[in-house]
Asks: 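Below are the structure tokens for one structure; questions will follow.
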Amino acid sequence: MLEQLQQLADEALAAIAQAEDEKQLEQVRVKYLGRKGLLRQLQQGIKDIPAEQRPAVGKKFNEVSAQLKEAFAGRQEELAARPAVEDASADRVDVTLPGRTLRIGKQHPLLATLERMTEIFIGLGFSVVEGPEVENYYYSFEALNYPPDHPAMDEQMTFYISNNVLLRSQTSTVQVRAMERMQPPVRIIVPGRCFRRDNVDATHCHTFYQLEGLLVDEGVTFADLKGTLEAFATAMYGEQCHMRFRPDFFPFTEPSAEIALTCILCGGKGCRVCSHTGWLEVGGSGMVDPNVLEGVGYDSERYTGFAFGMGIERLAMLMHGIDDIRLFYSGDMRFLEQF
Amino acid sequence: MRIPCDWLKEYIEIDLPAEEIGRVLTMGGLEVEQVVEHRDEAGGAAEPVLVTSVTSNRGDLLSVVGTARHLSALTGRCLRAPSYSSPATESPVTADRRVELGPVTVEIIDAEGCPRYCALLIEGIQVGPSPQWMQARLEAAGLRAINNVVDCTNYVMLELGQPLHAFDFHLLADGHVIVRKARAGETLTTLDGIDRRLTPDDLLICDPGGPIALAGVMGGASTEIHAGSTAVLLEAAHFHPATVRKTSLRLGLSTEASYRFERHVDPNLPLVALARVAELIIQTAGGQIKGQAIDVKTRAFSPRTVTLRPARCNALLGTDIAPRQMSDYLKRLGFEVRRANEDLVQVTVPTARPDVQREVDLIEEIAVIHGYDNIPLTIPGKLAASAVLTVEQRTERRARHILRACGLNETISFSMISPRDLQKLGLPPGHPQTNCLSLANPMSEEYTVMRTTLLPSLLAAAQHNINQRVTEIALYEINRVYLPQEGSELPSEPKRVAGLVTGSPFTARWNMPRSAELVDFFWIKGIVEQLCEGLGIQELAWARANHPAFHPGRCARLLVSGRDAGVVGEMSPEVQQNFDLPEKVYAFELDFDLLIEKANLTNVYKPLPRLPAALRDVAVIVPDTDEFSAARVMETIKAAGGEYLAAVEPFDVFTDPKRIGPGRRSLAFSLQFRAPDRALTSEEVEAMMEAIYARLEKELGAEVRKTQ
Ligand SMILES: [Zn+2]
């Protein structure tokens, strides 16, 4: 009986201390000290114990009762001393109404793609340089080993300002400018805007972005070119993505290769977008032509190098499922806010 | 070029399906864009045709035989090389400038444009349709059948790659062919019936009466083969690629012949082609060869010898190909190979391949035949130093982040605009920004000059959005403008950052007070301030600005370290109207290079204050003019407040003629005073406040309202 009584006392004291307001405290009081409370119920049992023990137990009951009443009064005083807290239950909002905050701006998908590519090449040890978009004939063609009056120049579909000044049609123009400033090793990428007289439709535009890469050093090989771009492909699109090299012609590289990525839409199985080849052409590459190296005063016997150039639009379109190149330049909020 | 498969297989023993041939060629550098089925008009069996795309350095692949040779080299399958010849072409009459033979005279005056000219006369022909098999092949290759003589010349051109021309010999004055440049004022009616005005750059085939053909481009109407022709003079010449290209480009006239000559035709092909075409003409139109072929050859065309070091080849490719294997690859291409010793190979390159001149060109040939797929993958070894973005590049990225965090969406727009766009921007003639670079060959009237400002592009984007019923617009662009420079051919290309906002910047607007939900001047100015703050730019100042594109009362100039960094403001009503923008539009355009230069991304921690600041308010009434700007009042307060005045912030600005009198403005500021090491006493703070009141009254003549 004494143990039971002590347990009840401990319980009641804890409940009194935990009561957060007068209402809760009153509930606790009724539960333990009320006329039908637990203390009373336990007291009923006093008649069942041996008579010689009754005085001690009765005394204990009185002590506990006094202790609890004191604790109860003390807690009541404490709660009364607290500032009144409004009952908040009636003050509610419709939590399904839309939130109201500042809209954040989004990154342009083309520049986001370029940024991601840049990060991968920085990881491969390439630094980022820029060059002029309005270029002269020398850096655009002559220094890049374009034979004079050759059909290879038609493919560039160049915008001219004057006979000698033009809008660059590829970022390769920066190759020679960079090499003139530096001594090997040269290990750079050049992201930038280019221009071609191409009629505008869903897949063509007179303005576009390229990422150029150039590595010149002792002992650079075609196998290095392949390895570097393969590393890029897997970093960008995952282990199942590869880079294909196919012979092509560019005046400033020899040997030259067209580069194509595993079609990221069909995983290389063949679909409409990749013309059922499983490959998507993304640009050109090759070993820097000795004429280009000699043109900037490098010893082409000692130094070799590779260069590559990739179009960004197509990669960004594939990555985001964009079907019209014109959207990139539209400034359309409905488009820009999706990224 | 369209290559019918059955024709190809006449020259190579190969039993692969067309699709597989296409794949092999494509991976071997001759791209087969597609394989199409051709069914001839007679309804014969469908025949696959390879549609090839030949790179501009490989004129030798613009023929059936050239394609077969390349396929043979790639696959190792046997090439059935044609060796056409006839007694007439085996013993031609040769001279270096002029040959007179029976009724025919051939004379080269311009040896640069035409180093070699071969001709052969066939008499007794009967012109009619060519045989069905020939017509079918021409059709499959994409050419229209004309008559047996012309069809034979086209057939041989497709087969061997040598463009040929057939003159009606009887229409040729004195039987005399002269190759020379055009004289000023000469004209020629070409086969397509168009009168062509010629220039001294154009190379011509002439007779004593004048021009009869545009050399290497198109024949003339006056000597065309017709139904009654009985004698044909066949031309097989070697024309200089650049000369043909110049004329073709100038006249906008690209033909099967000019396309091939521009890309180089084997100078040793003309006699072979003449033998072949004579054989076909006699077979299909009858007649016989008159005399011998004429070969006016102004110089020798000998094959080139190039030295290959197999070790260099492997060093460049990163491969381990045996020298014997390299020699084998080159032989398959029709090159002659002689190994001088272990380390050196002498390679004789046929005249059909002018693109192979140096060792590195041979290395490419070896790589192509070896297969790019068979070259290993390696990562370049020597990494000198780790690569990083430059400070400028990192700053630009930071700027982009800040602008996006301020709610602006990144956009890009074209570098080319129209001068009209600058007019719409309200720029008067002679404004510096109207001095643009012009394109010499623009594509459309919309894009004729290089932009000097980003604003028209952003305004056009706003207009586009409004047209799409999108009224909440927030955009920024960081890009270059192009400014002509005195004494330099190339413009400077400074970067600008521009932004534009209109409408509400909030994700939702329900229950918002109207005055709070829309952007205004101070919103766009706040964005610029955030940008400068985020870039760590010190020494900012603002001044009222006049800019033709902006509202005169709501346009500010940003000064960074005293230098003009650009403008911020509300677009003028005229500009809004010009771009059909119904709501107020706010924009800025700043000199991004200057911001980058003054940016400082290293943030140094300042210890947090340990004691609370003492707060006071002050209100002044001053004349409502630019002279008494908020900035000036704040500067006056700061100057008077001393070192313990930690912050001055405006909290109430108003004009009210009734309460404070007309032409006057009230500005109220809250001030914070703080000493770094102790609590300021109220006596100390009051003393500082008194100093501020005194300075405001003395320097600005302000009416000061003292508040406690
Ligand atoms: Zn696909």
Side-chain angles (χ1 to χ4, degrees), chain A residues 97-108 110-111 122 125-128 132-134 136 149-152 159-162 164-165 185 193 197 206-207 215 217 220-224 226-228 230-231 245-249 254-255 257 287 290 304 328-334 336-337, chain B residues 26-29 55-57 242 245-246 262-263 316-318 360-361 363-364 367-368 372 375-380 382-384 386-387 389 393 403-405 407-415 437 439-441 443 461 464-465 470 473-475 480 482 489-491 493 505-508 510:
Chain A
L97 275 167
R100 215 167 27 201
T101 187
L102 270 185
R103 278 193 309 263
I104 59 158
K106 305 296 179 65
Q107 193 172 14
H108 193 283
L110 201 60
L111 301 186
I122 285 176
F126 290 77
S127 303
V128 184
E133 291 168 16
V134 181
N136 60 37
D149 289 317
H150 194 268
F159 280 108
Y160 282 90
I161 302 286
S162 67
N164 196 39
V165 179
R193 178 175 274 218
R197 299 186 77 251
H206 52 69
T207 299
L215 170 53
D217 200 353
V220 178
T221 67
F222 193 89
D224 289 338
K226 286 187 67 180
T228 301
E230 176 78 5
F245 295 77
R246 194 181 75 72
D248 203 335
F249 167 64
E254 188 83 9
M287 301 304 291
T304 54
F328 288 133
Y329 298 93
S330 66
D332 192 313
M333 291 287 290
R334 298 166 304 172
L336 297 172
E337 287 187 320
Chain B
T26 297
M27 288 311 290
T55 55
S56 57
N57 60 331
R245 177 176 155 77
K246 212 173 249 178
E262 277 182 58
R263 284 158 178 77
L316 187 68
L317 298 179
V360 70
D361 302 321
I363 294 173
E364 178 173 62
V368 168
Y372 283 7
I375 294 172
L377 299 155
T378 53
I379 291 285
K382 283 191 296 175
L383 186 53
S386 71
L389 290 179
Q393 288 159 354
L403 292 169
R404 292 199 293 274
L408 303 185
N409 289 284
E410 188 168 53
T411 189
I412 50 176
S413 53
F414 295 138
S415 304
L437 289 181
L439 292 176
N441 57 342
M443 290 179 63
H464 164 82
N465 279 297
V470 177
I473 305 167
L475 298 168
R480 301 184 192 190
Y482 311 85
E489 233 175 11
L490 299 182
E493 298 182 15
F506 295 102
T507 54
W510 54 273

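Sequence lines set the chain letters: A, B, ... in the order given, protein chains first and strands last, and positions in each chain run from 1. Values below: all heavy atoms of this structure, side chains included; hydrogens, waters and symmetry mates excluded. Values in this document were obtained by computation on a predicted structure and should not be read as measured data.
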Asks: Chain A heavy atoms under 4.5 Å from B:N441: which part of the residue, side chain, backbone, both or neither?
Replies: both

Asks: Please give me the minimum heavy-atom distance between A:A257 and B:Y372, naming the atom from each residue.
Replies: CB-CE2, 3.5 Å

Asks: For chain A, which of B:I412, B:I375, B:L317 has the most heavy-atom pairs under 4.5 Å?
Replies: B:I412

Asks: Which distance, rounded to the nearest 0.5 Å, do you find between the CG of B:L403 and the CD1 of A:I104?
Replies: 13.0 Å

Asks: Quick one: NE2 on B:H464 to OH on A:Y329, what's the gap to the nearest 0.5 Å?
Replies: 15.5 Å

Asks: What part of A:M333 gets within 4.5 angstrom of chain B, counting heavy atoms only: side chain, backbone, both, or neither?
Replies: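 Contact with chain B is through both the backbone and side chain of A:M333.
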
Asks: Give, as side chain, backbone, both or neither, the part of B:V360 having an atom under 4.5 angstrom from any heavy atom of chain A.
Replies: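 Answer is both: backbone and side chain atoms of B:V360 are under 4.5 Å from chain A.
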
Asks: Looking only at heavy atoms, what is the nearest atom pair of B:E410 and A:H108, with distance?
Replies: OE1-N, 2.8 Å

Asks: With a 4.5 angstrom heavy-atom cut-off, could you sort out which part of B:F506 is near chain A: side chain, backbone, both or neither?
Replies: both

Asks: Quick one: what part of B:E493 sits under 4.5 Å from any heavy atom of chain A, side chain, backbone, both or neither?
Replies: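 For B:E493, side-chain heavy atoms alone lie under 4.5 Å from chain A.
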
Asks: What part of A:V128 lies closer than 4.5 angstrom to a heavy atom of chain B: side chain, backbone, both or neither?
Replies: both

Asks: Would you say NZ of B:K246 has more than 12 non-hydrogen atoms from neighbouring residues, nucleotides or ligands within 6.0 angstrom?
Replies: no

Asks: Just so I understand: if I count every heavy-atom pair under 4.5 Å between each of B:A461, B:S56, B:G28 and chain A, which residue has the most?
Replies: B:S56

Asks: Output yes when a side-chain donor or acceptor of B:T507 lies under 3.5 Å from a complementary backbone atom of A:G99, and no otherwise.
Replies: yes

Asks: Checking B:L439 against A:I161 for the side chain to side chain contact (heavy atoms under 4.5 Å, CB included) test, could you report, in this order, the C-alpha distance in whole Å, the side-chain angles of both residues, the deciding distance, and whether it holds?
Replies: CA-CA 5 Å; B:L439 292 176; A:I161 302 286; 3.8 Å; yes

Asks: For the interface with chain B, which of A:L215, A:T221, A:T207 has the highest count of heavy-atom pairs at distances below 4.5 Å?
Replies: A:T221

Asks: Taking every heavy-atom pair that is under 4.5 Å apart, which of B:T55, B:T411, B:T378 has the most such pairs with chain A?
Replies: B:T378

Asks: Return the minimal non-hydrogen interatomic distance between A:R193 and B:F414, and the atom names on each side.
Replies: NH1-C, 3.7 Å

Asks: Distance alone, cut at 3.5 Å: any donor-acceptor contact between the side chains of A:N164 and B:E489?
Replies: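 Note: A:N164 and B:E489 side chains meet the donor-acceptor criterion.
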
Asks: Do you know which of A:G227, A:A231, A:A223 has the most heavy-atom pairs with chain B at a distance under 4.5 angstrom?
Replies: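 Of the options given, most contacts go to A:A223.
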
Asks: Tell me, side chain or backbone of A:Q107 under 4.5 Å from chain B's heavy atoms, or both, or neither?
Replies: both

Asks: Considering only heavy atoms and a distance below 4.5 Å, find which of A:V134, A:T228, A:L336 pairs most often with chain B.
Replies: A:V134

